[in-house]
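This report refers to the structure that appears directly beneath it.
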Amino acid sequence: MTRWSGYYLHTTREVPSDAEVVSHQLMARAGMIKKLAAGIYTYLPFGWRSIAKLSAIVRREMDAAGAVELVMPSIQPAELWQESGRWQRYGKELLRMKDRHDREFCYGPTHEEVITDFVRRDVKSYRQLPFNLYQIQTKFRDEIRPRFGLMRGREFLMKDAYSFSATEESLDRVYEAMRNAYCRIFEACGLAYTVVEADTGTIGGSSSHEFMVTAATGESAVVHCPACGYGANQEKAERGEWTRPPAEPPAALEKVATPGKKTIEEVASFLALPKEKLVKTLVYNTEQGLVVALVRGDREINPVKLQNALSGVDHLELASEERIERELGLPTGFVGPVGLDEGVRILADRSVAGLDDFACGANEADHHLIHVHWQRDVRLAEFADLVLVVEGDPCPRCGSPLGLSRGIEVGHIFKLGTKYSEAMKCEFTDEAGGNRPMIMGCYGLGIGRTVAAAIEQGHDADGIVWPLPLAPFSVLVVGLSPNDPVAMAAAESLVAELEGRGVDVLFDDRDERPGVKFKDADLIGLPVRAVVGGKSFAAGQAELSLRHDRERISVPLAEALPKLLELIDRLR
RNA sequence: CGGGGCGUAGCUCAGCUUGGUAGAGCGCACGGUUCGGGUCCGUGAGGCCGGAGGUUCAAAUCCUCUCGCCCCGACCA
């Protein structure tokens with residue numbers, strides 16, 4: 001029997017000064033986590049129970065989907081990372097260290113290298129494929145800016161799975177099984193979530209989906225189509241065709257003075273043109289030199305799309321004013337595609353392709369061009385989809401207006417292909433006797449982040465409102481009259497009965513006033529509450545309620561057990 | 001890494017500008033009171049004012065360095 005008096009659960013009224021988001025505040029106040037250092041937390045007993053419940057759900061669904069659990073080392077030798085090339089590329093996020101012999105290691109932020117290394121030594125034949133291995137383990141990524149408690153820690157718990165297949169079709173099947181398993185996991189947790197197409201980022205690979213728990217405080221923006229179900233991370237989101245405006249008779253190209261007018265707003269109002277009739281020219285700095293990106297004046301460039309369009313470019317950032325002055329010889333705000341230095345690569349978003357008569361920088365200080373016409377005036381630019389999709393843009397699949405919402409990324413699955421197996425020579429012999437690299441997939445799920453997301457989604461002004469599957473305990477039995485031995489005995493026997501029926505119960509037996517107990521009950525947010533003591537006990541009753549609606553019902557003590565079981569059942 | 005800010009009691013913070021015996025609320029301990037939504041009253045314990053150096057008769061306060069932390073931005077499975 002878990003008695004609060006003997007448990008380790010200390011709630012606080014004060015919010016830690018560094019807790020910004022509600023999940024962090026409530027986890028700290030409810031005694032679930034304690035910060036040790038920036039982005040590094042102790043999981044206190046009450047918090048760990050929730051983590052354990054999620055882990056059990058994850059294991060159940062992973063096992064059901066044919067994955068097999070193992071645990072890999074968290075400390076990994078540098079050689080493996082040098083072999084994959086990521087020792088150099090991963091950057092400062094990789095926590096590196098040396099042992100007493102000066103050998104280099106890192107604390108694993110992910111495990112592609114380790115798993116690929118032992119699989120290549122164990123597995124030689126197509127007959128041994130496919131398989132899928134997973135672990136639930138502590139990772140470390142030395143984030144530039146850890147924040148939001150467990151939502152973006154440096155040390156964090158993650159479930160990661162890696163699949164190895166002989167063929168693309170096999171990978172597709174495993175990927176689909178994982179995708180379904182993830183859906184079942186988040187459904188089993190009672191969370192509202194969406195699956196969206198995602199950019200593959202530094203992990204690489206061909207196809208990728210993110211699982212987003214919807215929350216207004218989410219760090220990621222998600223585009224979705226209410227009509228056809230299309231969903232994508234805003235970084236990745238595409239949009240339907242631009243409607244081409246009616247062709248206007250191209251008037252003669254004209255240079256106009258726009259003294260000091262640099263921004264789109266300034267130029268548009270100075271020239272009395274709508275922003276859609278301007279072309280915005282952005283200069284980016286890459287390791288391959290300057291690149292110019294064009295987009296319609298009222299829109300933004302999506303840097304992820306731009307980087308993908310510039311295949312082979314690793315670093316992309318907006319060029320500084322000094323650099324633009326030095327290399328292009330003109331101040332920012334007046335750069336344009338007409339007559340630009342031939343050495344500079346120009347990429348144009350499709351939003352500008354349909355413009356027949358637009359204004360843009362003249363490549364001369366304090367001047368812009370008007371009546372610009374693509375074919376007539378601009379040297380050939382490459383067109384690509386570069387625009388940041390916004391709410392109301394047409395869906396790329398069905399053309400309906402897209403919606404934009406925010407979410408917390410809790411899962412991310414990738415088709416890796418042969419990126420790591422080729423680099424690390426993880427090969428198998430196929431039926432024809434030839435050697436081929438294994439085809440891999442990897443499937444991550446943030447454990448701590450999912451619990452945090454559940455709180456972001458489930459809380460009110462008084463505290464956490466747990467979904468039953470993730471609640472540290474299902475039921476809180478409040479012994480309201482700690483000084484009344486009869487009432488406390490009744491409460492205790494109710495707890496024992498519940499436990500006898502397999503229900504996990506926290507028994508608040510503390511010598512505290514009712515007000516304290518009620519406030520704490522709301523704060524820690526267990527789904528079902530039973531109050532035994534005080535006025536209702538004097539009338540021979542127990543008072544039952546659910547955290548999410550707090551509607552109280554009084555039942556005779558003898559009926560408390562069946563009624564509680566019924567309430568729990570209703571929450572499932 | 002760029003910009004801004006903070007380190008004073010277990011927690012949240014005042015005091016610093018203008019140097020002179022270390023403060024409040026919450027929490028904790030004890031006594032009383034109260035007992036269905038964080039009771040009320042009293043008493044008390046608790047601090048090398050992040051660390052080092054400097055200025056000064058005197059430093060939480062001024063200066064330098066350092067460590068840690070937070071916020072915004074860039075970045076990011």
Side-chain angles (χ1 to χ4, degrees), chain A residues 10-21 24-25 28-29 31 34-40 86 89-94 108-112 139-149 151-154 156-161 198-205 208-211 219-220 233 235 285 303-304 307 314-318 320 408-414 416 442-449 461-463 478-484 487 510-523 529 531-539 541 543 545 550 552 554:
Chain A
H10 306 112
T11 60
T12 60
R13 236 185 301 208
E14 303 270 14
V15 180
S17 56
D18 60 343
E20 284 183 277
V21 296
H24 186 188
Q25 293 170 352
R29 286 190 57 207
K34 188 68 106 183
K35 186 167 85 172
L36 179 64
I40 301 178
R86 287 208 290 187
R89 262 183 289 125
Y90 218 94
K92 288 192 182 163
E93 207 170 294
L94 187 63
T110 177
H111 280 71
E112 282 85 4
K139 311 267 189 229
F140 194 95
R141 291 182 193 171
D142 201 353
E143 292 277 350
I144 296 168
R145 197 145 94 76
R147 52 185 143 174
F148 306 151
M151 288 229 295
R152 185 188 271 279
R154 295 147 92 198
F156 58 99
L157 271 173
M158 167 164 153
K159 187 286 298 176
D160 49 327
D199 186 70
T200 50
T202 50
I203 291 233
S208 175
H209 287 87
E210 285 176 343
F211 290 75
E219 286 193 271
S220 310
N233 189 313
E235 288 180 350
N285 188 15
V304 173
Q307 183 157 0
D314 283 334
H315 298 286
L316 179 77
E317 59 180 3
L318 275 172
S320 64
I408 300 162
E409 181 191 348
V410 289
H412 201 160
I413 60 178
F414 298 84
L416 284 178
C442 81
Y443 317 93
L445 192 156
I447 300 289
R449 190 182 273 192
D462 294 310
V478 181
L480 199 66
S481 310
N483 300 316
D484 176 351
R510 297 173 302 165
D511 183 14
E512 290 288 355
R513 299 166 49 80
V516 173
K517 296 197 174 212
F518 287 130
K519 287 290 185 189
D520 273 344
D522 287 345
L523 175 59
R529 190 182 83 180
V531 176
V532 180
K535 286 187 289 206
S536 57
F537 181 73
Q541 299 202 306
E543 188 180 283
S545 61
R550 287 195 276 205
R552 299 179 204 177
S554 288

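Chain naming here is simple, since letters A, B, ... match the order of the sequence lines and numbering starts at 1 in each.
Between the side chain of A:R29 and the base of B:rG27 there is no donor-acceptor pair of N/O atoms closer than 3.5 Å. Between the side chain of A:S536 and the base of B:rG36 there is at least one donor-acceptor pair of N/O atoms closer than 3.5 Å. Side chain A:R13 to base B:rU12: no donor-acceptor pair is found below 3.5 Å. At a cut-off of 3.5 angstrom, the base of B:rG25 holds at least one donor-acceptor pair with the side chain of A:E14. A donor and an acceptor atom sit less than 3.5 Å apart, one in the side chain of A:R152 and one in the base of B:rC76.
Nucleotide B:rA14 is matched to nothing when pairs are restricted to Watson-Crick or G-U wobble geometry with both distances under 3.5 angstrom. Pairing partner, B:rU39: none, since no Watson-Crick or wobble contact has both distances short of 3.5 Å. Partner assigned to B:rG44 is B:rC28, using Watson-Crick or G-U wobble distances below 3.5 angstrom.
Looking only at atom types and distance, the side chain of A:E112 has a donor-acceptor partner in the side chain of A:T110 under 3.5 Å away.
Across the C1' atoms, B:rG19 and B:rA58 are found 8 Å apart, a figure rounded to whole Å. Between B:rA45 and B:rG68, the distance separating the two C1' atoms is 29 Å to the nearest Å. The gap from the C1' atom of B:rA14 to that of B:rG23 amounts to 7 Å, rounded to the nearest Å. Going from the P atom of B:rC65 to that of B:rA9 covers 25 Å, rounded to whole Å. Across B:rC62 and B:rG15, the matching C1' atoms stand 16 Å from one another, rounded to whole Å. Taking the P atom of each, B:rG20 and B:rU61 are spaced 10 Å apart, rounded to whole Å. B:rG3 and B:rA60 have their C1' atoms separated by 27 Å, given to the nearest Å. Look at the P atom in both B:rU66 and B:rC1: the space between them is 13 Å, to the nearest Å.
Rounded to whole Å, atom C1' of B:rG5 lies 13 Å from atom CZ of A:R145.
Residue A:E543 is classed as a base contact, given a heavy-atom separation below 4.0 Å to a base. Among the heavy atoms of the strands lying under 4.0 Å from A:P16 are primed sugar atoms or P, OP1, OP2 only; no base atom is included. Among the heavy atoms of the strands, none lies under 4.0 Å from A:D160.
If you check B:rU39, B:rC70, B:rG73 against the side chain of A:R513, the one that comes closest is B:rU39. When distances are taken from the side chain of A:V516 to each of B:rG36, B:rC69, B:rG38, the shortest belongs to B:rG38.
Regarding contacts with the backbone of B:rC72, a side-chain N or O of A:R147 is found under 4.0 angstrom from either OP1 or OP2. Phosphate proximity of B:rC70 to A:K35: present, with a side-chain N or O under 4.0 Å from OP1 or OP2. Residue A:T12 has no polar side-chain atom (N or O) positioned under 4.0 Å from OP1 or OP2 of B:rC11.
Within the model, atoms CZ of A:R550 and CZ of A:F518 stand 12.0 Å from one another, a figure rounded to the nearest 0.5 Å.
Among all heavy-atom pairs drawn from A:P146 and A:E143, the shortest one is CD-O, 3.6 Å.
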